[in-house]
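Numbers here are sequence positions counted from 1. Hydrogens, waters and symmetry mates are skipped; everything else that's a heavy atom, side chains included, is used. When a ligand or atom number is given, it counts from 1 through the structure's own listing order.
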Amino acid sequence: MTNRSAGGRRAIIIDTDPGQDDALAILLALASDELEVLGITAVAGNVPLELTEKNTRKICELAGKPDAKVFAGASRPMVRELVTAEYVHGKTGLDGPDLPEPVMALQEKGAVDFIIETLRDRATDEVTLCTLGPLTNVALALIEAPDIAPKIREIVMMGGGFFEGGNVTPAAEFNIYVDPHAAATVFGSGVPIVMMPLDVTHKALTTAKRIDAMRAHNTPVTLAAAELIDFFERFDEDKYGTDGGPLHDPCVIAWLLKPDLFCGRDCNVEIETGSELTMGMTVIDWWGVTDRHHNAHVLRDIDADGFFALLTERIARL
Ligand code: RIB
Ligand code: CA
């Protein structure tokens, strides 16, 4: 697990299934000069692929970055049928503000080919993969081109849960549940992983005070971001009875920018792919009761005020 930017900007690929929280993560990345976004790859998840890729382009244009490179990836999980989450994100996947249809083009190349070719072209340890949705694209790339595994600096991923349980079944978090086989491939790949499970993202709540502070910047991006959150948070506020909902995906980008906002420990993480009852469960050996290999740095705590201050300050720059 490394966080040092090698020299200049840290080169990243964002893999995503927008999704309002994905949108905030993409805005944060595009607003941060420390990061070089080599490309953004869309995957089916919160909504089908034709919407996640279009939503990705909408977000890039909202950020004023129409030159960003957006690629379409897997339209379904490796083995299981696609499960989507319109009940959270709305029928477009990006309900809330009325964002215009994108003008920027989708790249011709497929996402998996882009991931493979980029890693082969770059030096070892140079590219970080930031995954915000099901891990299908990354798993397919690792299966098709095992030689890329040692080229990946690390995978910083939102997914899973342990002390918090699941959010789509009692045992499983959505990103892992949608494609547990892909998650098992990634967690078994030997690539260094930084894991942002529900245990930490559930502490990053979009409270009224935090979102009012974002809205107060009164820029097109901060106003749109607040509208995205206003729509997105309602499901979890009703479910958990909280002021605000968990803002999952921007935690991935915030870790790259300010890792000291988070704390956790190296653990073994295994993925359930057999039992229907616990399908997609991330079995995190937090207490070290086994001698299984530590394959992930698992975050469990966050300075939530610091996180929202970073997020708001950055997107207000766009
Ligand atoms: O469980 C939360 C995750 O699932 C987030 O990435 C959200 O965008 C959905 O993809
Ligand atoms: Ca997501």
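Listed by number with element, the atoms of ligand 1 under 4.0 Å from a non-hydrogen atom of D17 are 10 (O). Annotation for ligand 1: atoms under 4.0 Å from non-hydrogen atoms of M158 are 2 (C), 3 (C), 5 (C), 6 (O). Atoms of ligand 1 found under 4.0 Å from any heavy atom of D22, numbered from 1 in the order shown, are 8 (O). In summary, the atoms of ligand 1 found under 4.0 Å from a heavy atom of E173, numbered by their order in the structure, are 1 (O), 2 (C), 3 (C), 4 (O). Proximity to L132 (heavy-atom distance under 4.0 Å) selects the following atoms of ligand 1: 6 (O), 10 (O). In the vicinity of F174, heavy-atom distances shorter than 4.0 Å reach the ligand 1 atoms 1 (O), 4 (O), 9 (C), 10 (O).
Defined by atom type and a distance below 3.5 Å, a donor-acceptor pair is present between the side-chain atoms of H297 and D266. Side chain to side chain, D95 and T92 meet the donor-acceptor criterion of an N or O pair below 3.5 Å.
Atom 9 (C) of ligand 1 has N46 OD1, 3.1 Å as its closest protein atom, hydrogens excluded (heavy atom only). Among all non-hydrogen protein atoms, the one lying nearest atom 6 (O) of ligand 1 is D249 OD1, 2.6 Å.
Ion pairing between a basic and an acidic side chain is recognised when a charged N comes within 4.0 Å of a carboxylate O; E154 and R10 show such pairing.
Comparing heavy-atom distances from atom 4 (O) of ligand 1 across T16, N175, D236 singles out N175 as nearest. Of the candidates T52, D21, N167, the one placing a heavy atom closest to atom 5 (C) of ligand 1 is D21.
Of all the N, O or S atoms in D17, the one closest to the Ca ion (ligand 2) is OD1. For the Ca ion (ligand 2), the nearest N, O or S atom contributed by D249 is named OD2.
Taking a 6.0 Å sphere around CG of D98, one finds it holds 12 or fewer heavy atoms contributed by other residues, nucleotides or ligands. For K209, the NZ atom is loosely surrounded, since the number of other residues' heavy atoms within 6.0 Å does not exceed 12.
Following chains of ILVMFWY side-chain contacts shorter than 4.5 Å, one cannot reach L277 starting from V83, and the two form parts of different hydrophobic clusters. Note: the hydrophobic cluster containing F187 also contains I143 (ILVMFWY, side chain heavy atoms under 4.5 Å, direct or indirect links). Residues M78 and V112 share a hydrophobic cluster, clusters being chains of Ile/Leu/Val/Met/Phe/Trp/Tyr side chains in contact below 4.5 Å.
Y240 and H202 have perpendicular rings, their planes meeting at more than 60° on a 0 to 90° scale where under 30° would count as parallel.
Relative to the six-membered ring of F162, R300 misses at least one condition, a distance below 6.0 Å or an angle of at most 45° to the axis.
Not a single N or O atom of H248, backbone or side chain, sits closer than 3.5 Å to an N or O atom of ligand 1.
For the Ca ion (ligand 2), the N/O/S atoms of F174 include none lying under 3.0 Å. For the Ca ion (ligand 2), the set of nearby N, O or S atoms under 3.0 Å includes one belonging to D22.
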